[in-house]
Enquirer: 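Encoded as structure tokens, here's the structure I'll be asking about.
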Amino acid sequence: MQLHTLTIHEAHEQLKKKALSSQELTQSFLKRIEEVEARVKAYITLTPEQALEDAKEADRMIARGEMTALTGIPLAIKDVICTKGIATTCASKILGKFVPFYDATIYRRLKTAGAVTLGKANMDEFAMGSSTENSSFGPTRNPWDLSTIPGGSSGGSAAAVAADECIASLGTDTGGSIRQPASCCGIVGLKPTYGRVSRFGLIAFGSSLDQIGPLTKDVRDAALMMNVIAGYDPKDTTSVNTGVPDYTAFLKDDLAGVTIGVPREYFVAGIEAEVDTAVREAIEALKDLGANAVEISLPHTDYALSVYYLIAPAEASSNLARYDGVKYGFRSSDKGDLLNMYKRSRSEGFGPEVKRRIMLGTYALSAGYYDAYYKKASQVRTLIKKDFEKAFQTCDVIVTPTAPTPAFRIGEKIADPLQMYNSDVFTIPVNLAGIPASSIPCGFSSAGLPIGLQIIGGHFSEGKIMQVAHAYEQQTGWHKKRPLL
Amino acid sequence: MKITRKEVEHIAHLSRLEFNEEEIGAFTEQLNSILTYFDKLQEIDTTAVEPTSHAIVVTNVFREDEVVVPSPREANLANAPDQEGYCFRVPKIIE
């Protein structure tokens, strides 16, 4: 048995039976990382010593009979989440040698549950990008084809799961950064409802949009991760104080009585033919499982990209003002007055895409342009949100492609920001509305690259999404395909 | 032209960033094409539409005013690029 190919629930069974120890399991991942990491480059920081120590503690928990679903499970954490005593870089030079002295709430929850930390996963700098090429540590490669991108911004988290360099990982999603890489890498990604998961200790990008979620090898694993990370946190006032169900209770094998909405605006010019075909076949498969499909309309879809690329950079320009070379991180060695120190430190510390978004956001918020750009975008955001509210009066979930194309080649879109932004055209509306959505594998292109199916639900309907995703996955088995590395 | 070279320089100053001549030129071009793309938003009449600033409506989050132990000064200063005597050290501010 190849231990690194196990899912969370499969490994859990072995650990529970004492057929396997967490130390053996963790060792097998460290060995796997040694074999493939030089090619994939999924991690920024590896923490093998920490991992073995966590595994030892997990084995003690198991021996004491204090086992949880995640006890002894080796995970990767996106490097935008604060981990006490472990460098947290956001893939940016500006954070320098930043080592947090506290844990993000969700990381603490995972540790308390007995999970094992293998390391911090690569990402686009400050989670800004769709390809993980904007990392100051260099790009991550897609395990299905090393010349293509793994998606972004949680590209390292997705590639690590697909390459069996961890069992599961945490990512973040501001405009598609969990779902689009999950789609590119042929795995399951879930972006929860805004407010479902605490963001205390998450380094902020777009505060009205950011959400943390799991990337896993199947839907059951996503449910198990959500059972631990979901819930109210008094330290995050945007987290919502509402009960957390056992998400595994939603995992059934049929879809009788479920209505799926198919929005006509998502099957348009610009979507690759193979993606279109795979998603239409998936809709047929859902119908075979007992679901009822209806055509719906989300009329403001075409405006979502513009709205997002005004709101997210505006929030980013404000959030990233804190990097001033004083409190933490990088300071330029260039001597001069205070203003010069700010400007030199920020100009040397941030990469080109981050600077572009700070500039765009500052412009959209500046005197004379606020009404024309930021306010206008926030008003259209209301209309996008209402489109979804109306749609969910006639259907339980909405299914769409996750991205218009499979993974593209490294370097292909990096010089053209608008082209790159277009990768997120189907994922962005979800963040603007604050609703949850998942991406699951639904086939492959003729070049052998994974294609993702997006399943969108209303606020706090993660369970319903996982029900549909699980039934489809069990029926089709796409999630069982693994890249040859 | 949505945004001029001079405006780009001003926005850079507000952003506390600096660029060389070539970068300013490239930014002017890129920001112009992005802002032109945003023009499509003007097609929509939003006269009576309230702006959304947060997707989930949460207002007035209160908590008890309790004394808690703050993080230690050493920890807060540990990541500073320059520090002295429990202070962040910065270049001279007052002339």
Side-chain angles (χ1 to χ4, degrees), chain A residues 96-99 101-102 193-195 208 234 237-238 240 300 302-303 306-307 309-310 317 321 324-331 335-344 346-347 350 355-356 358-360 362-363 366 373 375-383 385 417-418 432-435 459, chain B residues 2-3 7-8 10-20 23 26-27 30-31 33-58 60-63 71-72 74-83 88-95:
Chain A
K97 295 176 173 54
F98 180 70
V99 178
F101 58 88
Y102 62 95
T193 307
Y194 184 82
S208 80
T237 53
T238 62
V240 178
H300 296 92
D302 202 24
Y303 302 101
S306 299
V307 170
Y309 278 99
L310 283 163
S317 72
D324 58 1
V326 174
K327 302 180 291 297
Y328 33 66
F330 171 80
R331 180 186 291 185
K335 299 272 180 272
D337 62 7
L338 189 69
L339 184 65
N340 184 65
M341 189 277 282
Y342 288 153
K343 286 188 174 179
R344 289 308 314 158
R346 289 167 61 81
S347 298
F350 290 130
K355 287 181 193 169
R356 181 154 44 238
I358 291 174
M359 292 285 286
L360 191 54
T362 305
Y363 180 70
S366 65
Y373 290 111
K375 190 179 169 205
K376 183 83 185 178
S378 303
Q379 286 171 314
V380 179
R381 183 178 184 181
T382 304
L383 299 174
K385 203 177 153 207
L418 271 176
L432 293 172
I435 52 183
H459 289 128
Chain B
K2 292 274 166 194
I3 183 168
E7 279 177 299
V8 171
H10 177 61
I11 296 295
H13 170 70
L14 293 177
S15 304
R16 298 295 183 264
L17 290 169
E18 55 184 28
F19 300 103
N20 63 34
E23 288 170 321
F27 262 116
Q30 280 177 352
L31 290 177
S33 79
I34 295 169
L35 293 169
T36 304
Y37 178 78
F38 293 163
D39 272 348
K40 65 160 59 189
L41 290 181
Q42 305 308 326
E43 293 166 8
I44 311 175
D45 179 9
T46 50
T47 329
V49 180
E50 280 293 312
T52 293
S53 58
H54 260 66
I56 303 272
V57 182
V58 181
N60 294 343
V61 179
F62 294 113
R63 61 167 173 79
S71 50
E74 290 82 359
N76 284 319
L77 284 158
N79 281 298
D82 197 3
Q83 52 158 304
F88 295 113
R89 236 178 101 102
V90 295
K92 191 175 166 191
I93 303 172
I94 303 159
E95 288 304 316

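In what follows, chains carry the letters A, B, and so on, assigned in the order in which the sequence lines appear, proteins first and then strands, with residues in each chain numbered from 1.
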Enquirer: Which heavy atom in F19(B) sits nearest to a heavy atom in K355(A), and how many Å separate them?
Expert: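 Minimum heavy-atom separation between F19(B) and K355(A): CE2-CD, 3.5 Å.
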Enquirer: What pairs meet the salt bridge (charged side-chain N to carboxylate O under 4.0 Å, His left out) rule with one or both residues in residues 40-58 of chain B, with sequence neighbours excluded?
Expert: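 The answer is D302(A)-K40(B).
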Enquirer: Evaluate the side chain to side chain contact (heavy atoms under 4.5 Å, CB included) criterion for residues L360(A) and L35(B): first the C-alpha distance (whole Å), next the side-chain angles of each, then the deciding distance (0.1 Å), finally the verdict.
Expert: CA-CA 9 Å; L360(A) 191 54; L35(B) 293 169; 4.2 Å; yes
Enquirer: Most heavy-atom pairs under 4.5 angstrom with chain B, which of N340(A), V326(A), I358(A), L339(A)?
Expert: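 Highest number of heavy-atom pairs under 4.5 Å: V326(A).
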Enquirer: On a heavy-atom basis, which atom in G434(A) and which in I56(B) lie closest, and how many Å separate them?
Expert: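 Looking at all heavy atoms of both residues, the shortest contact is O-CD1, 4.5 Å.
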Enquirer: According to salt bridge (Lys or Arg N to Asp or Glu O under 4.0 Å), who are the partners of K2(B), at least two apart in sequence or on a separate chain?
Expert: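 Once residues adjacent in sequence are excluded, the partners of K2(B) under the salt bridge (Lys or Arg N to Asp or Glu O under 4.0 Å) criterion are D39(B).
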Enquirer: Under 4.5 Å heavy-atom distance to chain A, tell me which part of H10(B) shows up: side chain, backbone, both or neither.
Expert: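 Contact with chain A is absent: no heavy atom of H10(B) under 4.5 Å.
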Enquirer: For the pair T382(A) (side chain) and T52(B) (backbone), establish whether a donor and an acceptor sit closer than 3.5 Å, ignoring hydrogens and angles.
Expert: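 Checking the backbone N and O of T52(B) against the side chain of T382(A), a donor-acceptor pair under 3.5 Å is found.
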Enquirer: Taking the side chain from D337(A) and the backbone from K92(B), do they hold a donor-acceptor pair closer than 3.5 Å?
Expert: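 It does not hold such a pair.
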Enquirer: Determine the option with the most heavy-atom pairs under 4.5 angstrom with chain B, choosing from G329(A), S306(A), S366(A).
Expert: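 Among G329(A), S306(A), S366(A), the one with the most close pairs to chain B is S306(A).
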Enquirer: Quick one: which of K375(A), M341(A), R356(A), H459(A) has the most heavy-atom pairs under 4.5 Å with chain B, could you say?
Expert: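 Top count of heavy-atom pairs under 4.5 Å with chain B: R356(A).
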Enquirer: Looking at L418(A), D324(A), V307(A), which makes the most heavy-atom pairs under 4.5 Å with chain B?
Expert: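 Top option by heavy-atom pairs under 4.5 Å: L418(A).
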Enquirer: Testing the basics here: between S15(B) and M359(A), what is the closest heavy-atom pair and its distance to 0.1 Å?
Expert: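 Closest pair (atom of S15(B), atom of M359(A), distance): OG-SD, 4.0 Å.
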Enquirer: Given that the side chain runs from C-beta out, which part of F38(B) has a heavy atom under 4.5 Å from chain A: side chain, backbone, both or neither?
Expert: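 Its backbone and side chain both get close to chain A.
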Enquirer: Could you look at Y328(A) and say if it's the side chain, the backbone, both or neither that has a heavy atom under 4.5 Å from chain B?
Expert: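 Both backbone and side chain of Y328(A) come within 4.5 Å of chain B.
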Enquirer: Do you know which of S208(A), S347(A), G325(A) has the most heavy-atom pairs under 4.5 Å to chain B?
Expert: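 That would be S347(A).
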Enquirer: What part of L41(B) gets closer than 4.5 Å to chain A, counting heavy atoms only: side chain, backbone, both or neither?
Expert: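 Both parts, heavy atoms under 4.5 Å.
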Enquirer: Which region of T237(A), side chain (C-beta onward) or backbone (N, CA, C, O), has a non-hydrogen atom less than 4.5 Å from a non-hydrogen atom of chain B, or is it both or neither?
Expert: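 When you check distances to chain B, atoms from both the backbone and side chain of T237(A) fall under 4.5 Å.
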Enquirer: Report yes or no: does R346(A) contribute a side-chain atom to a donor-acceptor pair with the main-chain N or O of R16(B) at less than 3.5 Å?
Expert: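 Yes: the side chain of R346(A) pairs with the backbone of R16(B).
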Enquirer: For the candidates H13(B), R89(B), R63(B), which exhibits the highest count of non-hydrogen atom pairs separated by less than 4.5 Å from chain A?
Expert: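 Answer, by heavy-atom pair count under 4.5 Å with chain A: H13(B).
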Enquirer: Answer with side chain, backbone, both or neither: which region of F350(A) has an atom nearer than 4.5 Å to a non-hydrogen atom of chain B?
Expert: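 Contact with chain B: side chain only.
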Enquirer: Closer than 3.5 angstrom, by distance alone: can the side chain of K376(A) be matched with the main-chain N or O of I44(B) as a donor-acceptor pair?
Expert: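 Yes, the answer is positive, given that a donor and an acceptor are paired below the 3.5 Å cut-off.
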Enquirer: Can you say whether I435(A) sits under 4.5 Å from chain B via the side chain, the backbone, both, or neither, judging by heavy atoms?
Expert: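 The answer is neither part of I435(A).
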Enquirer: Roughly how far, to the nearest 0.5 Å, is the OH atom of Y309(A) from the CD1 atom of I34(B)?
Expert: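 If I round to the nearest 0.5 Å, the distance is 9.5 Å.
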Enquirer: Against chain A, label L31(B) side chain, backbone, both or neither, depending on which of its atoms sit under 4.5 Å from a heavy atom there.
Expert: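 When you check distances to chain A, only side chain atoms of L31(B) fall under 4.5 Å.
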Enquirer: Where do E74(B) and F101(A) land on the side chain to side chain contact (heavy atoms under 4.5 Å, CB included) test, with the steps shown first?
Expert: CA-CA 10 Å; E74(B) 290 82 359; F101(A) 58 88; over 6 Å; no
Enquirer: Shortest non-hydrogen contact from P91(B) to G336(A)?
Expert: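 Closest pair (atom of P91(B), atom of G336(A), distance): CB-O, 3.6 Å.
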Enquirer: Counting only heavy atoms closer than 4.5 Å, note whether K385(A) contacts chain B via side chain, backbone, both or neither.
Expert: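 It is the side chain, since no backbone atom gets that close.
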Enquirer: Give a yes or no on whether the backbone of V49(B) and the side-chain of Q379(A) come within a donor-acceptor separation of less than 3.5 Å.
Expert: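 Checking the backbone N and O of V49(B) against the side chain of Q379(A), a donor-acceptor pair under 3.5 Å is found.
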Enquirer: Flag the one option from L383(A), L432(A), V240(A) with the top tally of heavy-atom pairs under 4.5 Å to chain B.
Expert: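 Greatest number of close heavy-atom pairs with chain B: L383(A).
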Enquirer: Which bit of Y37(B) is near chain A, if near means a heavy-atom gap under 4.5 Å: side chain, backbone, both or neither?
Expert: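 Y37(B) touches chain A through backbone and side-chain heavy atoms alike.
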Enquirer: Okay, side chain of T362(A), backbone of I11(B): is any donor-acceptor separation there less than 3.5 Å?
Expert: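 Not confirmed, T362(A) side chain does not pair with I11(B) backbone.
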Enquirer: Locate the shortest heavy-atom distance separating S53(B) from R381(A); write the atom from each residue and the value.
Expert: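 Result for this residue pair: O-NH1, 3.6 Å.
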